[in-house]
Amino acid sequence: MGTKYTIGVDYGTQSGRAVLVDLANGHEVADHVTPYPHHVIDERLPVSGIKLEHDWALQHPDDYLEVLRKSVPAVIAESGIDPVDVIGIGIDFTACTMLPIDEAGEPLCFDAELIDQPHSWVKLWKHHAAQPEADKINQIAAQRGEAFLPRYGGKISSEWMIAKIWQILDEAPEIYERTDLFLEATDWVISQMTGNVVRNSCTAGYKAIWHKQDGFPSKEYFKALDPRLENLVDTKLRGEVIALGTNAGGLTDKMAGIMGLKPGIAVAVGNVDAHAAVPAVGVVTPGKLVMSMGTSICHMLLGTEEKQVEGMCGVVEDGIIPGLYGYEAGQSAVGDIFEWYVEESLPAYVKEAAAAEGLGIHQWLEREAATYKPGQTGLLALDWWNGNRSVLVDTDLTGLILGMTLLTKPQEIYRTLLEATAFGTRKIVDAFHSNGVSVDVLYACGGLPQKNHLLMQIYADVTNREIVIADSKQTPALGAAMFAAVAAGQGAGGYDTIIDAAEKMARVKEETFKPIPANVEVYDSLYKEYSQLHDYFGRGENDVMKRLKNIKKSSE
Ligand SMILES: Nc1ncnc2c1ncn2[C@@H]1O[C@H](COP(=O)(O)OP(=O)(O)O)[C@@H](O)[C@H]1O
Ligand SMILES: O=C(CO)[C@@H](O)[C@@H](O)COP(=O)(O)O
């Protein structure tokens, strides 16, 4: 049949990236990045210049099409392959990144009448202005004993679909009325490529409270939130929910022309970035926790049963790999904490020393921090610089460093911050493992594993588990290309299941990080101390962090 390819497109926060992948071995033949022309819209709307309120984060839907227009032809050109050998395309996206569309499938913000209405635009995953709605969603669900709440670790996030929809209804009822459908951006882009509107099981499950057996929450629940939401599911959330790897339909003639591909090729249903990365590191069975490590960490895990785990972001059947339950948890700041330290708190002499040696600041700090043994700094930190996503689900918690003296060095603080994030991950690992969702080995992808070896060794030592590292730097895009291969099917040169695709296309490095027994022992005692601080400050025994925030607010 000759060499066949698929394209995976990874839609991140700042840019979209297309990767052309050889189906025989997962080799990434070419890639191309298109920065979003309108960036993240968090101050003023394009065209009208209307000012946005605090905590808003929007995007421009045409930026997503721009990625298809630019990056897809670019990977074809760069690779020099014949486009007829591309048998499918798949995408992964940040989530919940959602938008209102009209009957014709057009985003409301494309309508000249609505362009100056902030609520007609795409709400990006990190739009955090729907917290009042999220609070009521949780309070009413808890009062009514809604069965869905434990599936989301006890809390629905303000980042997710229902809170965002309700904010639109609350603040711009006319936009709500004009909306035919609320869609995840990942599903909208697929609709643009195929002409079909379908919802993928991943975002529906993790972000819109959809359950394979129970569907969405009941009409009674939505009515209890707001009588105007009673029929939301049958109206503006309608549409079939389809498992990952399904062909959403063939690529339309129009989009094929624009992208330089063959019309009719398979287009896989949409997916989420962190979730798409799981099969791309070859994880298709339980027991292997995949960490997508960058500014934050998403922790992904598979299981054969639906279990309740404190503070997880969600458990969704078919949510990651069809046929299994997919679990997600997370830490809302990891690389961001290291960046804060380097940018906001590091003495100038360290920057000068690093520059004098021609080293990056992180590299200098990593090298110096690596000269310490576990415990040797005498320091301990709580990693809550951006609140705590799992397991406490509390954005009002803040960071803490304990044990400093007049002799404390910057590299000791840096090491302590690395360790604190590892303890945060161990809390998540322990929460899953002790609730019957076993975690035997860790897999790491994203930017951090490539950048900081000390960090990875600390994670192996703190969790007492081996860590396998992704070989691809574009792991989510590779995963999206694998799901495209499944959507195309074996008959067309692809694969019939994501398990077959993972066997041939997933890639990890040979070198792994293994726990060092002597370090494990010391970290076990430090973790006990971390756990005491974690519970003392995080579970209500001493709410000083919240009181400080309140004092700060009232002093502003
Ligand atoms: N050598 C390093 N060690 C630790 N953290 C680093 C290092 N270099 C960059 N970072 C942090 O990693 C984060 C970027 O991670 P990356 O995976 O590239 O991005 P993203 O999460 O946006 O995909 C930033 O927060 C940055 O401060
Ligand atoms: O929340 C999820 C996945 O559930 C992510 O899409 C969101 O945090 C964005 O992640 P990135 O910053 O793009 O790594």
Side-chain angles (χ1 to χ4, degrees), residues 10-17 33 36 40 57 59 91-98 124-128 152 157-161 184-186 200 202-208 270-278 290-300 312-314 316 319-320 326-346 354 359-370 385-386 389-390 411 414-415 417-422 444-459 470 472-477 479:
D10 171 39
Y11 283 97
T13 300
Q14 308 285 348
S15 61
R17 172 186 302 267
V33 184
Y36 298 140
V40 174
Q59 282 187 327
I91 68 173
D92 67 82
F93 232 102
T94 63
C96 164
T97 295
M98 55 79 76
L124 182 60
W125 65 276
K126 63 178 182 179
H127 173 91
H128 283 154
Y152 297 93
S157 164
S158 70
E159 286 182 6
W160 298 348
M161 184 64 98
E184 281 279 350
T186 194
N200 74 85
C202 180
T203 51
Y206 288 103
K207 311 297 176 181
N271 203 343
V272 179
D273 41 19
H275 304 62
V278 174
V290 179
M291 304 181 291
S292 178
M293 303 178 74
T295 53
S296 61
I297 299 186
C298 281
H299 303 75
M300 322 295 305
M312 66 180 169
C313 304
V316 176
I320 301 175
Y327 291 83
E328 179 184 356
Q331 283 168 273
S332 33
V334 175
D336 265 358
I337 302 181
F338 315 144
E339 179 161 291
W340 165 82
Y341 182 60
V342 165
E343 296 297 327
E344 304 295 337
S345 211
L346 197 64
L359 286 176
I361 296 169
H362 283 287
Q363 283 73 38
W364 190 95
L365 284 167
E366 180 190 352
R367 187 191 67 193
E368 295 302 314
W385 265 247
N386 191 16
R389 194 184 278 181
S390 301
Q411 57 268 35
Y414 187 75
R415 182 177 178 117
L417 295 176
L418 303 185
E419 290 170 344
T421 66
C445 61
L448 285 186
Q450 320 276 346
K451 289 176 183 148
N452 195 318
H453 281 216
L454 173 64
L455 178 77
M456 300 318 298
Q457 186 57 52
I458 290 173
Y459 272 57
S472 169
K473 289 199 182 85
Q474 335 275 7
T475 319

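Whatever order the structure lists them in is the order used to number ligands and atoms, beginning at 1.
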Check: Heavy-atom distance under 4.5 Å between the side chains of Met161 and Met98, does that happen here?
Finding: yes
Where ligand 1 meets [X] - atom numbers and elements under 4.0 angstrom, heavy-atom basis:
| X | value |
| --- | --- |
| Met293 | 17 (O) |
| Asp336 | 25 (O) |
| Phe338 | 4 (C), 5 (N) |

Next item on the list: Could you give me the CA-CA distance, side-chain angles and deciding distance for Ile361 and Leu346, then say whether side-chain contact (heavy atoms from CB on, under 4.5 Å) is met?
Entry: CA-CA 10 Å; Ile361 296 169; Leu346 197 64; 3.4 Å; yes
Check: How does Thr94 reach ligand 2, by side chain, by backbone, by both or by neither, if only non-hydrogen atoms under 4.0 Å count?
Finding: both
Margin query: At under 4.0 Å between heavy atoms, is it the side chain or the backbone of Glu159 that contacts ligand 2, or both, or neither?
Written below: neither
Notebook entry, point to check: Any N/O of Ala95 closer than 3.5 Å to an N/O of ligand 2?
Noted result: yes
Check: With only distance considered, is Asp273 within less than 3.5 Å of ligand 2 through an N or O on each side?
Finding: yes
Check: Looking only at heavy atoms of Tyr414, does any of them come nearer than 4.0 Å to an atom of ligand 1?
Finding: yes
Check: Would you call Leu448 a ligand 1 contact, heavy-atom distance under 4.0 Å?
Finding: yes
Distance to 0.1 Å, residue and atom name: give those for the protein heavy atom nearest to [atom].
| atom | value |
| --- | --- |
| atom 3 (N) of ligand 1 | Asn452 ND2, 3.0 Å |
| atom 22 (O) of ligand 1 | Thr295 CG2, 3.7 Å |
| atom 16 (P) of ligand 1 | Lys451 NZ, 3.6 Å |
| atom 26 (C) of ligand 1 | Glu339 OE1, 3.7 Å |
| atom 1 (N) of ligand 1 | His362 CB, 3.2 Å |

Next item on the list: Fit a plane to each ring of Tyr11 and Tyr36, take the angle between them on a 0 to 90° scale, and name the class: parallel (under 30°), tilted (30 to 60°) or perpendicular (over 60°).
Entry: parallel
Notebook entry, point to check: How long is the span from the CG atom in Leu418 to the CG atom in Asn452, to the nearest 0.5 Å?
Noted result: 5.5 Å
Notebook entry, point to check: Is ligand 1 under 4.0 Å from a heavy atom in the side chain of Glu366, in the backbone, in both, or in neither?
Noted result: neither
Examine ligand 2 and decide if any of its atoms is less than 4.0 Å from a heavy atom belonging to [X].
| X | answer |
| --- | --- |
| His275 | yes |
| Glu328 | yes |
| Ala274 | no |

Margin query: Regarding atom 25 (O) of ligand 1: of the candidates Pro449, Gly447, Gly446, Gly335, which has the closest heavy atom?
Written below: Gly335
Note to self: Between His299 and Tyr327 (judged by ring centroids, cut-off 6.0 Å), do the two rings come close enough to count as a pair?
What the structure shows: no
Notebook entry, point to check: Are the ring centres of Trp160 and Tyr206 closer than 6.0 Å?
Noted result: no
